[in-house]
Amino acid sequence: MKTAAITSLLVSGACAFPWVVDTAGVDSSLLNARRLRSRQQAGTGPGSAAECPFNANHVPAAPVTAQYPYNNAKNGVKGNGKGGYQVPAPGDTAHQFQAPGPNDIRGPCPGLNAAANHGFLARDGIVTYAELVDAQQNVYNVDYDLANLLAALGLTLTDGDIVTEKLSIGCDATTRTSFNPTLTGSEPGLDGHNKFEADTSLTRNDFFTSGGDNFNFNGTLFGMMNDACDGDFNLQNLAKYRKQRYEQSVAENPNFYFGPLSLLLFGAASFLYELMPSGTRGYAPDLETISSFFGAEKQADGTWGFVYEKIPDNWTNRVDTYSNNDVTQQILEMYLLDPVLFGGNTASGTFDVINFGSIQNGELSADLSATDTSCLLYQLATGSVPSSLNGVITPSVDALAFILSKVSPGFANLGCPQPLT
Ligand code: HEM
Ligand SMILES: *[C@@H]1O[C@H](CO)[C@@H](O)[C@H](O)[C@H]1NC(C)=O
Ligand SMILES: *[C@@H]1O[C@H](CO)[C@@H](O)[C@H](O)[C@H]1NC(C)=O
């Protein structure tokens, strides 16, 4: 019942913000069956199928080997969870940097783009669930529980395909991800807006203020982040910058929406100081490291241009794994340093707040219990239903069963509210 309650809160929240419902790719079946058609990704424009590259030569991710085992994470199973090693390993040519070609797909996530540029994910950007889980462990030493949660969120929230377990890390590549495009409709990939991708990103534009380009690197924003952080991309400085971006969106984006899933953006920001720093640089989240992962290159005139996301030379990953619990703590800490209201700008020009689980009157409480805290991410994953199977076969049951099989084991003992199946 709890999940039904959460879902209804999400639905009532979304109704106050009609563009959320009408946004291409957003699951609106929960709201109103008549709107089913309007959820599809726009057929043209940035991120659309029409503009999405097609690489006929799909080569899967290069697997880890006995010679270069990394965390020995293969086929979606749990790896060693012991980091502190160099990536890519010296001599491992299969995982050397290679710039993506014109037919390869990249998207809003620098962590996954970098992994694809090193062959830890399929270099064409059409990836599988197992590749996502393996790559996160082998490259960044993400804990198995968080690797699964992020991959499951990616697949279900952004309309990857839970039958083929394939996902585009960028634009709409339905012809390659879907088990049956006629039945599933479009699967917009990680570029799909107001799912995993959301407003107030660190270096990506808001969807509605940029003609739909919410996934390309923006050097102006990278420069703003570097200024706010003064070259030190730590928790405090990123909290400050995230607040600045939030205020910018409130002021500039009439369709601004900051929903429960926006919590994930605080998690992504924590990756700068938790997952990207290198042991060869004392694990400092410094400009040299961060600019390499974001593909940012300083131009002669002082502005920031884009090259390609690259794991820095001689990079060694974090020693301990980064878990669900770790990231939730960082999300809360960063949020509470500079709290903002959850909600959005409305058509009538006001900012309306929303309620969702632990978020009440637009605020995330500072004194959540430890269990509430750990369950937050779980609720985000189980409270949403992918649109890929809408109108086909009991979609919510299938999607929930998928999520449960992937992420529930890690949460089973916490007593998080179990969704209805
Ligand atoms: C399956 C795993 C993952 C998925 C599905 C995923 C997906 C995404 C998506 C959709 C965004 C865009 C959010 C937005 O700003 O609107 C994003 C942002 C980001 N991701 Fe990932 N991600 C994953 C793992 C990782 C990992 C392992 C790293 C580690 C380096 C990482 C680093 C980042 C960063 C730093 C951002 C913020 C970029 C910005 O705002 O400019 N991600 N990710
Ligand atoms: C980059 O971001 C800045 C600041 O938000 C914005 O003014 C500019 O239009 C963006 N550039 C592109 C190419 O989208
Ligand atoms: C990487 O390590 C090699 C060998 O120790 C060294 O020669 C090189 O300067 C290092 N490069 C960077 C960017 O630290």
Side-chain angles (χ1 to χ4, degrees), residues 46 86 90 107-115 120-121 127-143 146-158 160 167-170 188-207 209-225 233 238 241-242 244-245 248-249 251-253 258 261-262 264-278 280-281 285 288-290 292-296 303-304 306 309 311-318 322 327:
Q86 189 170 333
C109 177
L112 298 184
N113 291 347
F120 286 98
L121 293 172
V127 307
T128 65
Y129 186 90
E131 285 176 353
L132 286 170
V133 171
D134 297 345
Q136 290 179 84
Q137 297 181 83
N138 288 322
V139 178
Y140 300 106
N141 200 18
V142 174
D143 197 86
L146 180 57
N148 272 284
L149 183 72
L150 288 173
L153 282 167
L155 222 73
T156 56
L157 287 180
T158 72
L167 167 72
S168 156
I169 64 170
L190 288 185
D191 290 352
H193 180 60
N194 267 337
K195 292 151 163 288
F196 202 135
E197 196 292 317
D199 295 336
T200 78
S201 305
L202 302 175
T203 66
R204 268 61 177 171
N205 300 323
D206 285 6
F207 181 84
T209 55
S210 60
D213 176 8
N214 57 346
F215 50 88
N216 277 309
F217 172 86
N218 179 321
T220 306
L221 293 176
F222 186 87
M224 282 164 51
M225 175 166 77
F233 300 80
L238 284 168
Y241 177 60
R242 286 216 37 77
Q244 182 186 335
R245 287 286 289 141
Q248 185 186 355
S249 291
E252 294 177 0
N253 180 357
F258 197 78
L261 289 167
S262 304
L264 294 172
L265 302 188
F266 296 93
S270 80
F271 295 167
L272 273 72
Y273 56 85
E274 294 285 1
L275 297 183
M276 292 179 174
S278 174
T280 55
R281 303 183 66 82
E288 179 156 336
T289 303
I290 299 302
S292 177
F293 274 110
F294 275 85
T303 61
W304 291 91
F306 179 69
E309 297 89 349
I311 297 174
D313 290 338
N314 297 347
W315 186 73
T316 64
N317 64 6
R318 60 181 280 133
Y322 194 52
V327 75

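Both counts, for ligands and for their atoms, begin at 1 and track the order of listing. This one's a predicted model, so the numbers in the text were calculated from it and none came from an experiment.
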Check: Hey, what's the ring geometry for Phe222 with Phe294, parallel, tilted or perpendicular (30° and 60° as the breaks)?
Finding: tilted

Just heavy atoms, cut-off under 4.0 Å: does [X] contact ligand 1 by side chain, backbone, both, or neither?
X: Leu265; answer: side chain
X: Leu272; answer: side chain
X: Phe293; answer: neither
X: Leu112; answer: side chain

Note to self: Please check whether Asp313 reaches ligand 3 - meaning an N/O of the residue sits under 3.5 Å from an N/O of the ligand, judged on distance alone.
What the structure shows: no

Notebook entry, point to check: Under a heavy-atom criterion of less than 4.0 Å, does Phe215 contact ligand 1?
Noted result: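 It does not; every heavy atom stays at 4.0 Å or beyond.
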
Element-labelled atoms of ligand 1 that are located less than 4.0 Å from some non-hydrogen atom of [X]:
X: Ser201; result: 14 (C), 15 (O), 16 (O), 40 (O)
X: Ala198; result: 14 (C), 16 (O)
X: Leu150; result: 1 (C), 2 (C), 5 (C)

Could you check [atom] against the protein and tell me its nearest heavy-atom contact, residue, atom and distance included?
atom: atom 12 (C) of ligand 3; value: Asn314 ND2, 3.3 Å
atom: atom 8 (C) of ligand 2; value: Asn218 ND2, 3.9 Å
atom: atom 14 (O) of ligand 2; value: Asn205 ND2, 2.9 Å

Check: Measuring from the heavy atoms of Gln248, does anything fall under 4.0 Å of ligand 2?
Finding: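 In this structure, Gln248 qualifies as a contact of ligand 2 - some heavy atom is under 4.0 Å.
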
Note to self: Given Cys109, Pro108, Ser262, identify the one with the heavy atom nearest to atom 20 (N) of ligand 1.
What the structure shows: Cys109

Notebook entry, point to check: On the ring face of Tyr140, is Arg318 found with NZ or CZ under 6.0 Å from the centre and within 45° of the axis?
Noted result: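 The answer is no; the distance or angle limit is not met.
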
